[in-house]
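Notes follow once the structure below has been shown.
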Amino acid sequence: MGSSGPTPSNAQAAEAFREIADFLDVLGEKFKPEAYRRASRSIESLAEGLAAVAARDELRSIPGVGEAIEEKIREFLRSGRIDYLERLRREVPAGLVDLMRRPGLGPKTARRFWVELGIEGPAELRAAIEAGRLSGIKGFGERKIEQIRLALGGGEPVAGGTRLPIETVLPLARRIAGALRSGSPAKDVAIAGSFRRGRETVGDLDLLVTSEDPTRVFDVFSALPEVGEVRMRGGTKETVVLKNGLQVDLRVVEPSEFGAALLYFTGSKDHNVRLRSLARERGLKVNEYGIFRGEERVAGATEEEVYGALGLAWIPPELREDRGEIDRAAAGTLPTLVEPADLVGDLHAHLPDGATPKDLERLRAVAKARGARYVGLVVGGVRDDGTPWSLSKELGRAVAGARTTEPRIVAVAEVGPGPLPEPIRALDTEYLVLRPVGTANPGAGLPSGGLPTRVVAHRGGSPEAVRPWLDLARAASAALEVGPGPARADSSLARAAREGGVSLALPLGLDDAEENTTRDVAVGFARRAGARREDVANATGAADPTSGSKRSRR
DNA sequence: GCCGTTTTCGGCCCGACTGTTTTCAGTCG
């Protein structure tokens, strides 16, 4: 908390506002906490540093940032602290926020403990329970006290907010949905929630089905090998926790309500709130059962129907974040987003260490099965320790022999910024993939050596750290690689790229198992960034790297 | 605290579930 030092990151600012919201919750504020949380979420998903936005004087254009929060952001950027937060920290015991986050407890209960019993944290609450101080207090029966005792359990707040990467969840989610489709009386089966919106991380899974026989569906669901324990089962809803800790909610709804329920449980929260106020303006009401004028249901079976009743075009789930998509849906100007089937090649593929020509053929077979006409295969490059490497002579010949028949293999070198090492120059390659390898940093500039750089692959964490790589991509007219994993860009960086006129490269995930995990996650990120087919360098319509002009160079 | 074909005030999504209730408050998603 120094008063000077490096400019605080977006993540730190987002955390500060989340902390303010928590304290205000305990203080019993009604709407301010949500206001601070909204601003916090917006800041977190920003594709550039707050300092840059502040320098352009555009902080107020961030959704949820108004006069008061703008001033606090400026204070935070200036001094690394927010006086208002410091005051709250002095005024409200941090232990109350801990209490509030435990399951079954909320701000109201935490506040009552504080005001009525002088309790300031989990340890004191535990002692109060043991001493019987809660018995007889209004609203705390035996069961409630037992529930609280359980929630106090370990000492640390339970699992709160641990989210899994979507690439981890995707195969699991598809297996579960498939098992319900084929092994239970569930008819429509859909996965809603942030999973459907293609978010980078998933906190829990929301499954939605229609069925005449919910009990059978629940029985099949509970017995799946992935399921650890059943948390609760009601008439229309069951909650389980998977063996890996992921919570999964399964809901059975009427076919006439399926679209409304899918819309509702897909979110995002901000998107739903916006739809509801739009509905209210038009004398309509939206809930998870449908859209109503008075008692009469106007729509509900499909999402198209529900959006239609509000005068909106259907909005792709990846865009449902209240970033202006509702206005665009009203105006009919939503983009047609890129789809997996649009991808016609892979610009950046690897063979495993010690690969043989057989592995190359296997790679081509997979590529062909996934609709690829070409594969940019890395045949050499620079290791992390700075030394050059290349494929074996035998494999090199096999690659050369695969240049003309589809899927065509394009030889690629993977290098860091700066001058190209001589052994890499000597390789017979068509283009370069730029990555942070060796000791080179983005300040060293584009690789020099006469070959075009077509792909830039680096995420590097914070939006601030990644900017230079994006600038290199722009300077080289290269595509930014988008997708899961530390060496690819997430959706907010992809949006920054797209808005800055940099195209995207989407991996086909040729070394994935059968589920197409990498490809589908990458396409999801690109869609979240609003990318159309023409924004993607390896989609149909883009220049084919095998028909470029470099062949004449030799 | 934010926001506006309800714009400078007065709203701010809404229903299920739980436990504790003689009619509801709090939590959750």
Side-chain angles (χ1 to χ4, degrees), chain A residues 17 20-21 23-42 59-73 82 84 88 99-113 134-148 150-151 160-161 192-194 203-208 231-239 247-253 257 260-261 263-292 310-311 322 326-327 330-331:
Chain A
F17 288 120
I20 290 176
F23 282 130
L24 292 175
D25 253 338
V26 177
L27 288 176
E29 289 281 355
K30 194 80 184 82
F31 294 106
K32 288 187 189 182
E34 251 334 285
Y36 278 104
R37 284 204 182 92
R38 169 124 207 269
S40 174
R41 284 196 298 274
S42 293
L59 287 173
R60 293 285 279 275
S61 71
I62 300 170
V65 175
E67 190 182 346
I69 293 184
E70 177 190 20
E71 188 40 53
K72 290 182 177 70
I73 293 174
I82 301 173
Y84 182 55
L88 287 169
L99 280 184
M100 188 184 83
R101 288 196 178 126
R102 310 213 175 212
L105 297 181
K108 297 277 167 39
T109 317
R111 182 169 166 74
R112 279 194 64 192
F113 288 148
L134 256 61
S135 322
I137 293 188
K138 190 167 146 63
F140 292 94
E142 206 173 311
R143 297 176 63 129
K144 186 78 193 170
I145 293 176
E146 190 47 38
Q147 190 189 62
I148 295 172
L150 230 62
S194 54
D204 60 17
L205 278 182
D206 296 291
L207 261 61
L208 224 55
R231 277 265 167 91
M232 69 144 264
R233 186 195 282 203
T236 60
K237 180 189 169 186
E238 181 170 71
T239 298
Q247 179 173 313
V248 186
D249 295 334
L250 173 62
R251 289 181 173 81
V252 181
V253 302
E257 301 165 347
L263 179 52
Y264 179 85
F265 289 109
T266 297
S268 69
K269 190 178 169 172
D270 291 335
H271 181 83
N272 286 352
V273 167
R274 198 51 168 258
L275 287 184
R276 276 156 209 274
S277 27
L278 189 66
R280 209 173 33 250
E281 285 167 19
R282 304 184 178 199
L284 298 166
K285 190 179 74 166
V286 193
N287 59 28
E288 63 257 57
Y289 302 109
I291 176 159
F292 300 86
L310 292 170
D322 190 22
I326 291 176
D327 291 340

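Source: prediction; values computed, not measured. Chain naming here is simple, since letters A, B, ... match the order of the sequence lines and numbering starts at 1 in each. Both backbone and side-chain heavy atoms feed into the values below; hydrogens, waters and symmetry mates do not.
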How far, in whole Å, is [M] from [N] if one measures between their [atom1] atoms?
N	M	atom1	answer
B:dG26	B:dT21	C1'	12 Å
B:dA16	B:dG11	C1'	25 Å
B:dG19	B:dC12	C1'	28 Å
B:dT18	B:dT23	C1'	16 Å
B:dC13	B:dT20	C1'	26 Å
B:dG1	B:dT6	P	26 Å
B:dC3	B:dT8	P	16 Å

With nearest nucleotides of DNA chain B determined for A:E142 and A:R276 from heavy-atom distances, which residue corresponds to the more 5′ nucleotide?
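Going by which nucleotide is closer to the 5' end, it is A:R276.
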When you compare the side chain of A:F113 with that of A:L134, does any pair of heavy atoms fall below 4.5 Å?
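Yes - at least one pair of side-chain heavy atoms lies under 4.5 Å apart.
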Check whether any side-chain heavy atom of A:T109 lies under 4.5 Å from a side-chain heavy atom of A:F140, and answer yes or no.
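Of all side-chain heavy-atom pairs linking A:F140 with A:T109, at least one is under 4.5 Å.
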Please name the residue in the list A:R41, A:K269, A:R38 that meets the side-chain contact (heavy atoms from CB on, under 4.5 Å) test with A:D322.
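Only one of A:R41, A:K269, A:R38 forms a side-chain contact (heavy atoms from CB on, under 4.5 Å) with A:D322, namely A:R38.
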Whether each nucleotide of nucleotides 1-8 of chain B has a protein heavy atom under 4.0 Å at its base (B), only at its sugar-phosphate (S) or at neither (-) is summarised, 5' to 3', as BSS--S--
Assign a letter to each nucleotide of nucleotides 21-27 of chain B from its 5' end: B, base within under 4.0 Å of a protein heavy atom; S, sugar-phosphate only; -, no contact.
-----SS
Atom-to-atom span, [atom1] of [X] to [atom2] of [N] - whole angstrom:
X	N	atom1	atom2	result
A:N272	B:dG15	CG	C1'	13 Å
A:Q247	B:dG29	CD	C1'	10 Å
A:D206	B:dC28	CG	C1'	12 Å
A:R233	B:dC17	CZ	P	14 Å
A:E34	B:dG29	CD	C1'	12 Å
A:Y264	B:dC28	OH	P	15 Å
A:K30	B:dC12	NZ	C1'	9 Å
A:Q147	B:dT20	CD	C1'	12 Å

Short question: side chain of A:S42, backbone of A:P63 - any donor-acceptor pair under 3.5 Å?
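Yes, because the side chain of A:S42 sits within donor-acceptor range (under 3.5 Å) of the backbone of A:P63.
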Quick one: does A:R276's side chain have a donor or acceptor within less than 3.5 Å of a partner on A:V286's backbone?
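Yes; judged by distance alone, with no hydrogens or angles, the pair exists.
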Contacts of [X] that satisfy salt bridge (charged side-chain N to carboxylate O under 4.0 Å, His left out) - sequence neighbours left out:
X	answer
A:R282	none
A:D204	none
A:D249	none

Does B:dC28 have OP1 or OP2 sitting under 4.0 Å from an N or O in the side chain of A:K269?
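No, no such contact exists.
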Tell which nucleotide pairs with B:dC24, taking only Watson-Crick or G-U wobble pairs whose two distances are both under 3.5 angstrom.
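Pair assignment: B:dC24 / B:dG19.
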For residues 23-36 of chain A, which side-chain N or O atoms pair as donor and acceptor with protein atoms under 3.5 Å away, sequence neighbours left out?
residue : atom : partner : partner atom : Å
A:D25   : OD2  : A:R37   : NH1          : 3.3
A:D25   : OD2  : A:R37   : NH2          : 2.8
A:Y36   : OH   : A:K72   : NZ           : 3.4

Under 4.0 Å, counting only non-hydrogen atoms across every strand here, what does A:N287 touch: a base, just sugar-phosphate, or nothing?
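Sugar-phosphate, backbone atoms only, no base.
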A:R143 atom CZ, over 12 foreign heavy atoms within 6.0 Å:
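Counting other residues, nucleotides and ligands, CZ of A:R143 stays at 12 neighbours or fewer.
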